[in-house]
Amino acid sequence: MTKQLPPGQFETESWPILHQGDVYQFKEEEWSFRLFGAVKKETTLSFTEVMTLPKTITTFDMHCVTTWSKFDTSFEGIALKEFLKLIELEEDVSHVKIYGYLDGDRFGYSANLPLAELLGDDSLFVYRWMDKDRDWEEISPKHGYPLRFIPPASFYLWKGTKWVSGIRFMKHDEAGFWEELGYSMTANPYKEERYR
Ligand SMILES: Nc1nc2c(c(=O)[nH]1)N[C@H]1C(S)=C(S)[C@@H](COP(=O)(O)O)O[C@H]1N2
Ligand SMILES: [Mo]
């Protein structure tokens, strides 16, 4: 079965690299993952604590708003729903913002997403990937080492924060880095929701 390309996209076999600012240099002592916002009690996890959470392997299609799509890349990581088991949400949480490094600022990059659409095995914080006919390899620094988010294929890939630093839980939708600059809040490639 050949897959359907979303409108305005072309297929690529390689995995292009796109981001703002410097490539984050991982230092385990200063890295942590913060679960905050509309939670009963804020929680911060060390790298070791994150890496001991249950693992999930999922094959993804990635769609970048710059018009490339890459099908069938496998990733290993921790599902967003695993982090939900560690906290108690306040009532009426509807959205999250997934934060990551931008030029040394831990919370400089962010992307907003609706929580209800992130509860499956296709919402992963990943550290390993496997291309078609290749072996497993670590996510490279340029692709987000040590940990980056890959969103479900119903979102453009800018929602996939690299060098992640935390999840903020929100009772309203709120624009992230690219959304503030005019990109779509909902960002569905099949509906070609590029701008707002
Ligand atoms: N921290 C951070 N994450 C980021 C970005 C960024 O600038 N900083 N760029 C986003 C954009 S616009 C895209 S298209 C994807 C690209 O991921 P890739 O370089 O691994 O293909 O990362 C996203 N995650
Ligand atoms: Mo992008």
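Owing to the predicted nature of the structure, the values given are computational and were not obtained by experimental measurement. When a ligand or atom number is given, it counts from 1 through the structure's own listing order.
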Is the closest side-chain donor-acceptor distance between T56 and T58 under 3.5 Å? no

Sorted by chain and residue number, the residues having a heavy atom closer than 4.0 Å to an atom of ligand 1 are W15, P16, I17, L18, H19, Q20, C64, W68, Y101, Y109, H143, R148, L157, W158, G160, T161, K162, W163, W178

So W15 and H143, would you call those rings parallel, tilted or perpendicular, with 30° and 60° as cut-offs? parallel

Which of parallel (below 30°), tilted (30 to 60°) and perpendicular (above 60°) describes H63 and F71? perpendicular

Y127 and F47 aromatic centres sub-6.0 Å: no

Does any N or O in the side chain of S69 come within less than 3.5 Å of the main-chain N or O of Q9, such that one atom is a donor and the other an acceptor? no

Is the F125 ring parallel, tilted or perpendicular to the F83 ring (thresholds 30°, 60°)? perpendicular

